4 protein chains.
Amino acid sequence: MDLRIDPSNSLPIYAQVVDQVKALVACRALRPGDAVPSIRDLAATLRINRNTAAKAYQLLEADGVLETRQGQGSVVAEGGTRWSWEERRRRLVVSLDRTLVEAHHLEIPPEEVVRLLEDRIRITTRRPRAGDKA
Amino acid sequence: MDLRIDPSNSLPIYAQVVDQVKALVACRALRPGDAVPSIRDLAATLRINRNTAAKAYQLLEADGVLETRQGQGSVVAEGGTRWSWEERRRRLVVSLDRTLVEAHHLEIPPEEVVRLLEDRIRITTRRPRAGDKA
Amino acid sequence: MDLRIDPSNSLPIYAQVVDQVKALVACRALRPGDAVPSIRDLAATLRINRNTAAKAYQLLEADGVLETRQGQGSVVAEGGTRWSWEERRRRLVVSLDRTLVEAHHLEIPPEEVVRLLEDRIRITTRRPRAGDKA
Amino acid sequence: MDLRIDPSNSLPIYAQVVDQVKALVACRALRPGDAVPSIRDLAATLRINRNTAAKAYQLLEADGVLETRQGQGSVVAEGGTRWSWEERRRRLVVSLDRTLVEAHHLEIPPEEVVRLLEDRIRITTRRPRAGDKA
DNA sequence: GTGGTCTAGACCACG
DNA sequence: GTGGTCTAGACCACG
């Protein structure tokens, strides 16, 4: 699992880990059932404190992204969101609105935002091949 | 300028001000050249610390959203983004990718994300009419 | 806020705090909007580490029981659960089944469990009086 | 004896075994005098560590659920709780109160809790018939 | 080996 | 003043 901590990033270290793991899961570089490094290994690799690594994993578990098994490390969880459809929609709309505000300040017109979104979908959800799990 | 501070929001107050001013500019409730309240007035209206209001304005200026003319208060800056098209595109893609990662974890399929984005564009870019509150 | 840590309890300290605060909210000894002690105060009073107290408050916030405001301590949150009705029902059934298993081992018949439950409801949801918020 | 270990459950394996055996006894799928597998067999079947299985049986014995006769394996103990009525009532009330606290936070009203409890009693105390799997 | 808890103590952001 | 982050390091539970 290839993570990079940027100490100049104002985002806390544990949040950088959380975001990057979520991104790896979202782009299917990590799939349900895949093992992730132990907290100790991750901490050593990233040269961060064990507690910081543990906090990231705990948040990922609370978010349903990882599952931790009895002294056997963590794996990527199966899906199955715990939120109502309304709640999920509400959360995504917050994210979309934030993006639209940014687009306006970047002077990128709405149609172009839609076009770029479709681009990114095409790029990030790349074709599963034979043998890949859907 | 109608801003609302949510004390239970984990986002710092100054950042809430920044985001909301940007949103008002983005939805054209505030337009280039429009005056915004003085730091002192804003602090009094929102009942926040004057330093907090000052920090927000300072960030908005750094972002090119406001312009402060010595002793004459601040106004919404003319557009004229300072970044290249490539840089602007790059920044929006970061935001879109973040949204797509979230959509994946919320188990909202890409087509639905596009549909919701188009919804939000329709809703948020509706031209404010005379009498509308900012 | 009167909490008691039992060092001989196998439940971690932070979880004892969480449970007791939840109980105080459930029996309306703490109501939405009420302030709770600062993390530093709580830690000093209970003679536990600040980090341990912070962890308890963070979990309570994640659970929607507390809201933390900008450097101004925490207050009891307004209601508004974030889970679907199915999820909420599922969680309560887990708790009820656990109770029924325990009742069986205590050789307390089901009808008596229902009777005791009704007793506890009567005792713990004591009459709101005029002026009390519903 | 049909037990299922869920490795993603945060409850330790030995506790899962304890809870499930208690549940089987509670729903009368296991009755006083019934033999349970040896520690060695249980460990092999569930593919868990032999020490883990031993710890579960030891706790079940301490709780008066199993009885081990030297060299003859373990059987489900006769009822005959060792506690006074007051003590047994006190323990169940702890469990009921915990459930009521949870119901409050799930915003499930007390009457609904009673209704759900009655449902669960109806469902869980249905007498197992010949041919039913334990 | 694995993760979880707790402490002591530093330092920072916010207001 | 408030809470949040991070480290170093100890000790424990689980298997």
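Numbers restart at 1 for each chain; the letters A, B, ... are given by sequence-line order, proteins then strands. Quick caveat: nothing in here was measured; it's all calculated off a predicted structure. Every heavy atom of this structure was used, including side-chain atoms; hydrogens, water molecules and symmetry mates were not.
- Computed from coordinates, the Leu59(C) CG to dC6(E) P distance equals 11 Å when rounded to whole Å.
- Of the residues listed (Val76(B), Thr68(B), Val21(B)), the one engaging Leu60(B) in a side-chain contact (heavy atoms from CB on, under 4.5 Å) is Val21(B), and it is the only one.
- Rounded to an integer number of Å, the gap from Arg40(C) CZ to dG9(E) C1' is 12 Å.
- At dT7(F), one or more side-chain N or O atoms of Thr52(A) fall inside 4.0 Å of OP1 or OP2 (strictly under the cut-off).
- Looking at Thr52(D), its side chain never comes within 3.5 Å of a backbone N or O of Ile48(D) through a donor-acceptor pair.
- Counting any heavy atom pair closer than 4.0 Å across all strands shown, Asn51(B) reaches no nucleic acid atom.
- Nucleotide dC14(E) forms a pair with dG1(F), judged by Watson-Crick or G-U wobble geometry with both contacts under 3.5 Å.
- For the atom pair CG (Asp2(C)) and CG (Leu24(C)), the distance works out to 8.0 Å, reported to the nearest 0.5 Å.
- Taking the side chain as every heavy atom from C-beta outward, Val18(A) and Lys55(A) never approach each other to under 4.5 Å.
- With distances taken from any side-chain atom of Pro12(D) to the nucleotides dG15(E), dG15(F), dG3(F), the minimum falls on dG15(F).
- Mapping Gly71(A) and Ile48(A) onto DNA chain F by nearest heavy atom places Ile48(A) at the nucleotide closer to the 5' end.
- As a whole-Å value, the separation of Glu67(A) CD from dG3(E) C1' is 15 Å.
- Between Leu42(A) atom CG and dG3(E) atom P the separation is 10 Å, expressed in whole Å.
- Among the nucleotides dA8(E), dA8(F), dG4(F), the one closest to any side-chain atom of Asn49(C) is dA8(E).
- Here the P atom of nucleotide dG15(E) and the CZ atom of Arg47(B) are 17 Å apart, to the nearest Å.
- Leu11(C) has its CG atom 14 Å from the C1' atom of dA13(F), to the nearest Å.
- Among dC14(E), dT7(E), dG4(E), the nucleotide with an atom closest to any side-chain atom of Lys55(B) is dC14(E).
- If you check every strand for non-hydrogen atoms under 4.0 Å, Tyr57(A) touches nothing.
- Note on Gln58(A): a side-chain N or O is less than 4.0 Å away from OP1 or OP2 of dG4(E).
- Listed candidates were dT5(F), dC6(E), dG3(E). Nearest to the side chain of Ile39(A) is dG3(E).
- When the P atom of dG15(F) is taken as reference, atom CD1 of Ile5(D) falls 9 Å away, rounded to whole Å.
- What separates CG of Asn9(C) from P of dC12(F) is a distance of 17 Å, to the nearest Å.
- If you check every strand for non-hydrogen atoms under 4.0 Å, Arg69(C) touches nothing.
- Considering Val101(D), Thr99(D), Val94(D), Val93(D) in turn, Val93(D) is the only one that fulfils the side-chain contact (heavy atoms from CB on, under 4.5 Å) rule with Asp97(D).
- Within 3.5 Å, no donor on the side chain of Arg50(A) pairs with an acceptor on the base of dG9(F), nor the reverse.
- Backbone-only contact: Ile13(D) has heavy atoms under 4.0 Å from sugar-phosphate atoms and none from a base.
- Of the listed nucleotides (dC6(F), dT2(E), dG15(E)), dG15(E) has the atom at the smallest distance from the side chain of Tyr14(B).
- The distance from atom OG of Ser8(D) to atom CZ of Arg69(A), rounded to the nearest 0.5 Å, is 6.5 Å.
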